[in-house]
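Here's the structure we're looking at; comments come further down.
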Number of protein chains: 2
Amino acid sequence: MEEHDVGDRSGAAMTTAFDGAPLEVDTRPAVLDQFTVDETGQAGRRPSGVVYPTGVDEVAALVRWARATRTPLIPRGAGTSLEGHLLAQREELIVDLSQANSILDISPADFTATVQPGLTRTQLNAATAESGLQFTVDPGADASIGGMAATNASGTTTVRYGGMRANVLALQAVLPDGSVVRLGRAVRKSSSGYDLKDLLIGSAGTLGIITELTVRLHPIPEWLRSLRVSFPTVSAAVDAAVEMLGAALPVSRLELVDTPSMVAINAFRGTDYAESPALFIDVESSSEPAAAAEEREIRRIVQANNAVEIAVAHTHTERHALWEDRHNLYFAVKSRHPGSRFLVTDTAVPYSQLAATVETTTRLGAELGLAVSVAGHIGDGNVHTMVPYTELNHAAVQQFSDSLVRHALAVGGTATGEHGIGLTKKKYLRDEHGDAVDVMIAIKRAMDPMNLFNPGKVLDT
Amino acid sequence: MEEHDVGDRSGAAMTTAFDGAPLEVDTRPAVLDQFTVDETGQAGRRPSGVVYPTGVDEVAALVRWARATRTPLIPRGAGTSLEGHLLAQREELIVDLSQANSILDISPADFTATVQPGLTRTQLNAATAESGLQFTVDPGADASIGGMAATNASGTTTVRYGGMRANVLALQAVLPDGSVVRLGRAVRKSSSGYDLKDLLIGSAGTLGIITELTVRLHPIPEWLRSLRVSFPTVSAAVDAAVEMLGAALPVSRLELVDTPSMVAINAFRGTDYAESPALFIDVESSSEPAAAAEEREIRRIVQANNAVEIAVAHTHTERHALWEDRHNLYFAVKSRHPGSRFLVTDTAVPYSQLAATVETTTRLGAELGLAVSVAGHIGDGNVHTMVPYTELNHAAVQQFSDSLVRHALAVGGTATGEHGIGLTKKKYLRDEHGDAVDVMIAIKRAMDPMNLFNPGKVLDT
């Protein structure tokens with residue numbers, strides 16, 4: 001530790017004054033070691049310490065102190081990043097916001113909630129349920145709302161409700177210059193000034209540390225149908241999915257699960273579903289007659305696309321069981337590859353490129369001898385694959401991932417639909433955005449000239 | 001004209017070479033005079049000339065030339081701005097993009113279209129209709145797609161389909177440094193890099209000149225109901241509207257029209273509708289049984305809120321007639337105030353503040369002796385009022401408008417839901433955004449250090 005010192009390096013947790021705010025700093029090596037590896041097994045350096053602010057005043061004091069001592073900071077929520085956003089590159093101080101997790105306001109009349117960044121989405125949903133409202137963004141992991149905003153997360157319900165940009169109305173953030181600002185307004189629309197709210201969303205803590213969010217809530221639907229439909233080919237499943245979107249059906253989840261994934265589900269859950277590409281579908285209707293009509297319309301569409309197996313869940317219990325299969329997919333695949341780590345890819349492509357993209361994925365996996373499982377948010381054109389790897393075939397998995405990103409970019413897609421650029425996908429930023437990267441760098445330099453906010457993530461300055 | 005000279009000041013249209021691109025420049029005073037007054041009657045200075053580029057190469061050449069000669073530019077689409085975006089403040093050159101109006105691609109399989117900025121929304125919809133698809137953003141005026149992006153326009157369908165940020169997937173733009181960049185990707189979601197696409201949307205040409213847009217298309221609904229429902233009070237109408245939103249009904253338009261507006265409609269259209277606050281509603285269903293069920297649910301909700309008159313349109317002809325009343329509201333109100341100019345206000349507030357906001361509006365109008373008509377996109381919390389004025393009561397109308405903005409900001413709303421800050425609402429920017437305005441200024445300075453792109457609009461640098 002050269003210029004900055006956040007406590008006794010060897011010792012236990014201790015309290016340090018950060019520009020007037022007394023905060024406990026944990027510098028115990030055993031604690032810090034836990035921050036050197038992320039969810040995906042990627043490794044970074046040991047950070048200089050971890051601090052747990054509980055509110056905006058403490059974060060602002062920390063930032064003032066960081067400026068004075070030139071200490072780089074890594075803001076952190078629930079730690080579920082898949083792209084290395086949270087890994088230290090230098091001797092950063094981890095700003096763990098998991099204890100800044102209060103609900104500040106729930107306003108059913110406005111369909112909004114205002115929360116601190118460390119609150120997780122399931123904590124928020126537990127609190128809003130009694131008002132008949134829900135926070136809809138669902139990335140799978142029980143991520144923090146602040147972390148989800150930082151990575152512009154989305155997930156299974158995005159096809160109907162949008163991702164974080166659509167569901168965060170306003171933010172409070174501490175900027176690298178130490179100022180506390182409010183971005184956006186807690187209304188449904190505004191054309192006032194530049195859209196700084198959406199600039200911070202997805203910036204992965206490189207432009208500001210989010211200290212408060214006002215999010216949209218949506219009514220919890222009363223009339224739901226869930227379906228699992230198997231098709232002879234991926235292409236038939238994709239055609240049916242796009243046809244449903246074209247029919248303006250109120251689909252709220254539209255997930256593609258490929259054959260290897262269905263095999264894994266059967267083995268893990270003891271089921272005997274058709275082992276061919278399937279769609280998992282939720283439809284949210286406004287009344288029971290509407291739900292019945294919409295179910296008939298979906299049956300007509302999937303049958304016209306040669307569906308081989310159709311399961312419809314009507315009750316809450318049935319629907320829960322149907323989606324448990326999909327939600328457990330990661331564990332189902334994992335259990336078939338004990339001792340392996342997993343790489344999860346995350347490209348998104350135009351609808352017209354979906355079937356070909358899944359075929360390319362499967363072919364590339366076979367060529368490289370990899371056990372690839374595909375699970376896509378097909379309604380968003382977002383294709384995930386899970387690939388187990390060990391030290392023996394790590395290079396092949398990297399090559400697979402690289403080929404998929406290059407394919408997505410070549411067909412007009414994006415390197416990341418919802419996980420973010422983080423550390424691992426920086427190399428694709430210029431391929432995707434060209435000279436626009438220079439504008440991103442200019443903005444980062446203007447807002448964080450000392451490069452103290454999550455340095456080296458998203459882009460290099 | 002001091003430093004820059006775009007042609008013979010006195011003469012007719014002539015061709016000038018802009019950094020290699022020969023373009024006709026119109027400097028005829030009679031032509032330029034047409035650009036000194038906007039839709040709302042606000043006056044600016046006479047611009048130095050008007051030029052009509054047809055594509056990105058010409059725009060890029062113009063920008064290079066503008067940098068070399070330090071000539072400020074005002075990009076312009078269909079000229080329907082209501083907030084002075086297009087009024088010259090110095091001797092700007094008007095970059096009229098109305099001839100850059102080609103459709104470059106329609107991809108029904110991707111639900112997208114790629115267009116030049118000067119294309120209007122009705123031109124686009126005429127071209128996509130045969131594919132069963134529509135561009136949904138409808139601000140009323142037949143604005144250009146590029147102009148709508150520049151002001152982050154929205155309108156009657158925003159409650160279901162969102163505004164321009166939700167419907168523009170990708171942009172091509174020429175930046176003040178002369179570079180041609182692509183922002184965003186033509187996919188449903190991306191977490192790659194900073195969100196520059198949404199930064200340019202709503203920046204009113206101050207950060208870049210949009211030269212191409214890829215927009216989302218949505219299926220043209222087959223099963224529609226339109227309703228006009230009258231209520232005893234504004235507050236009953238608002239309650240019914242919020243209840244419909246809470247019931248997850250597939251409402252695609254949800255408009256409030258107040259008593260004076262209904263009186264104007266009756267007089268203009270020769271109708272005898274109840275002269276009390278009304279909702280105009282569109283519901284888009286996925287099948288006829290769903291439509292019937294949704295109509296019943298809406299009837300139940302409005303009756304529970306003491307509806308006094310319910311008209312339902314089932315056929316295309318009936319629906320067209322019902323919406324003609326709403327679409328003609330501006331002309332209906334105008335015809336009652338011959339010789340007057342009109343001010344149109346545009347605040348948006350949280351739902352819980354809607355009824356009180358409309359009441360405040362009506363009370364303020366009465367206190368100031370103004371003939372105020374309210375027509376709100378109630379599903380977005382966006383309240384417009386139309387106020388006729390002459391030279392005699394212009395000051396009172398300004399005071400009315402100012403009071404409404406200050407009311408909206410005080411209750412957590414925004415100075416502009418969809419028209420933009422332009423020139424007229426700059427004075428409210430810091431009240432709404434506080435120190436975040438300094439970040440906006442820093443971004444403007446970083447991207448346009450010579451302040452050549454629509455200078456003095458949105459903010460002062």
Side-chain angles (χ1 to χ4, degrees), chain A residues 109-110 151-152 154 158 163 179 181-183 185-196 198-199 202-203 219 221 246-250 286-287 289-290 293-294 297 348-352 380-382 412-421 429 432-436 439-440 442-443 446, chain B residues 109-110 151-152 154 158 163 179 181-183 185-196 198-199 202-203 219 221 246-250 286-287 289-290 293-294 297 348-352 380-382 412-421 429 432-436 439-440 442-443 446:
Chain A
D110 293 320
T151 52
N152 187 31
S154 46
T158 307
S179 61
V181 292
R182 291 191 174 273
L183 310 178
R185 299 287 277 187
V187 288
R188 288 305 171 90
K189 65 183 189 193
S190 173
S191 285
S192 175
Y194 297 163
D195 185 6
L196 301 183
D198 288 317
L199 183 67
S203 70
L249 284 157
S286 56
S287 64
E294 280 143 13
E297 177 69 3
V349 297
Y351 290 150
S352 61
D380 312 318
N382 189 191
T414 178
T416 168
E418 56 184 17
H419 296 166
I421 290 290
L429 201 68
E432 180 162 347
H433 300 289
D435 289 346
V439 182
M440 297 179 196
I443 289 173
Chain B
D110 293 320
T151 52
N152 187 32
S154 47
T158 307
S179 61
V181 292
R182 291 191 175 273
L183 310 179
R185 299 286 278 186
V187 288
R188 286 307 170 92
K189 66 184 188 191
S190 173
S191 285
S192 177
Y194 296 162
D195 184 5
L196 301 183
D198 288 318
L199 184 67
S203 71
L249 283 157
S286 57
S287 64
E294 280 143 12
E297 177 67 4
V349 296
Y351 290 151
S352 61
D380 312 320
N382 189 191
T414 178
T416 168
E418 55 185 16
H419 297 167
I421 291 290
L429 201 66
E432 181 162 348
H433 300 289
D435 289 347
V439 182
M440 298 180 195
I443 289 174

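The figures here come from the full heavy-atom set of this structure, side chains too, leaving out hydrogens, waters and symmetry mates. By convention in this document, chain letters (A, B, ...) are assigned in the order of the sequence lines, proteins followed by strands, and residues within each chain are numbered from 1.
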Task: Any donor-acceptor pair under 3.5 Å from A:Arg182 side chain to B:Gly434 backbone - done: no
Task: Contacting region of A:Ser287 [heavy-atom separation from chain B under 4.5 Å] - done: side chain
Open item on the list: So does A:Asn152 get a backbone contact from the side chain of B:Ser191, meaning a donor-acceptor N/O pair under 3.5 Å?
Closed with: yes
- [ ] First locate atom CG of B:Asp380, then atom OG of A:Ser190, and finally report the distance between them rounded to the nearest 0.5 Å.
- [x] 12.0 Å
- [ ] Identify which of A:Gly246, A:Gly202, A:Ala247, A:Ser179 forms the greatest number of heavy-atom pairs closer than 4.5 Å to chain B.
- [x] A:Gly246
Task: Option in B:Val349, B:Asp435, B:Asp195, B:Val181 with maximal non-hydrogen atom pairs under 4.5 Å from chain A - done: B:Asp195
- [ ] Let me know if A:Pro250 has heavy atoms under 4.5 Å from chain B in its side chain, its backbone, both or neither.
- [x] side chain
Open item on the list: I'd like to verify something: which residue of B:Pro289, B:Ser352, B:Gly381 has the highest number of heavy-atom pairs under 4.5 Å with chain A?
Closed with: B:Ser352
Task: Rounded distance [0.5 Å steps], CE in B:Met440 versus CG in A:Leu183 - done: 7.5 Å
Task: Beyond-backbone contact of B:Ser154 with A:Lys189, side-chain heavy atoms, under 4.5 angstrom - done: yes
Task: Top contributor to chain A interface from B:Ser203, B:Pro221, B:Gly417 [non-hydrogen pairs under 4.5 Å] - done: B:Gly417
Task: Residue among A:Ala415, A:Gly193, A:Gly163 with most heavy-atom pairs under 4.5 Å to chain B - done: A:Gly193
Task: Criterion side chain to side chain contact (heavy atoms under 4.5 Å, CB included) on A:Leu196 and B:Ile443, from CA distance to verdict - done: CA-CA 10 Å; A:Leu196 301 183; B:Ile443 289 174; 3.7 Å; yes
TODO: Please report the closest heavy-atom contact between A:Asp110 and B:Tyr351, naming both atoms and the distance.
DONE: OD1-N, 3.2 Å
Task: Best-contacting candidate, A:His419, A:His433, A:Glu432, against chain B by heavy atom pairs under 4.5 angstrom - done: A:Glu432
- [ ] Could you check which of B:Leu249, B:Thr158, B:Ile421 has the highest count of heavy-atom pairs closer than 4.5 Å to chain A?
- [x] B:Ile421
Task: Distance (rounded to the nearest 0.5 Å) between A:Leu429 CG and B:Ser192 OG - done: 5.0 Å
Open item on the list: Is there a side-chain contact between A:Ser286 and B:Glu297 in this structure, where contact means two heavy atoms from C-beta onward sitting under 4.5 Å apart?
Closed with: no
- [ ] Name the member of A:Ala442, A:Ala446, A:Ala436, A:Ala186 that forms the most heavy-atom pairs with chain B at distances under 4.5 Å.
- [x] A:Ala436
